Amino acid sequence: MSVKAKWLNKVRWDENGLVPVIAQEVATNDVLMFAWMNREALSRTVEYGQAVYWSRSRKKLWHKGEESGHVQKVHEIRLDCDEDVVLLKVEQVDGIACHTGRHSCFFQKFEGSAADGEWLAVDPVLKNPDSIYSKEKPKA
């Protein structure tokens, strides 16, 4: 699939050629994560049927689950009314979207007042991140 495809021109890319993306679980409507895509990432997402993002820190494409195995199978792609935000309705494989081993990246909840509030982790770790992203390869 060409990254010059006409449908990609409808997206309002920012000055860096990126668009913000929200990943939402298709079965529960839980918001799983926020990320970025460039034209190639969105094109590959459509081509593969799995989420591919642009990593701003690593400056490269990032196929969600390439290290962890927790891929996102895309069921639907939507563009917002201003054409500058993409929504992916996904099936989150193994239920873990966050690199912290949680279901969602939005696991911290604000509690308290403006004067003395704090962010509390309210969702459990489902899998130890060290076991997901182990630097050591298994011995053969």
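None of the values given here were measured: they were computed from a predicted structure. Count residues from 1 along the sequence.
- Not a single side-chain hydrogen bond (donor to acceptor under 3.5 Å, both in side chains) links R12 to another residue, sequence neighbours left out.
- Annotation: side-chain hydrogen bond (donor to acceptor under 3.5 Å, both in side chains) contacts of Q92 (sequence neighbours excluded): Q72.
- Separating the CD atom in Q50 from the CD atom in E66 is a distance of 11.0 Å, to the nearest 0.5 Å.
- In terms of the ring pair (Phe, Tyr, Trp, His ring centres under 6.0 Å) criterion, W54 has no residue partners (sequence neighbours excluded).
- K10 is linked by a salt bridge (charged side-chain N to carboxylate O under 4.0 Å, His left out) to E83, counting only residues two or more places apart in sequence or in another chain.
- The side-chain hydrogen bond (donor to acceptor under 3.5 Å, both in side chains) check on D30 picks up T28, H103, with sequence neighbours excluded.
- Of the possible polar contacts, one joining the W13 side chain to the L8 backbone as a donor-acceptor pair under 3.5 Å is found.
- For F106, there are no ring pair (Phe, Tyr, Trp, His ring centres under 6.0 Å) partners, not counting sequence neighbours.
- The stretch residues 98-127 participates, sequence neighbours left out, in these salt bridge (charged side-chain N to carboxylate O under 4.0 Å, His left out) pairs: K109-E111.
- Shown here are the ring pair (Phe, Tyr, Trp, His ring centres under 6.0 Å) partners of W119, two or more places apart in sequence or in another chain: F110.
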Anything under 3.5 Å between a donor and an acceptor, one on a side chain of residues 15-22, the other on a protein residue two or more places apart or in another chain? List them.
none

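- The side-chain contact (heavy atoms from CB on, under 4.5 Å) test applied to N29 returns Q24, K89, not counting sequence neighbours.
- With sequence neighbours left out, the ring pair (Phe, Tyr, Trp, His ring centres under 6.0 Å) criterion links H63 to Y48.
- The closest side-chain heavy-atom distance from L87 to I77 is not below 4.5 Å.
- E40 is linked by a side-chain hydrogen bond (donor to acceptor under 3.5 Å, both in side chains) to R44, counting only residues two or more places apart in sequence or in another chain.
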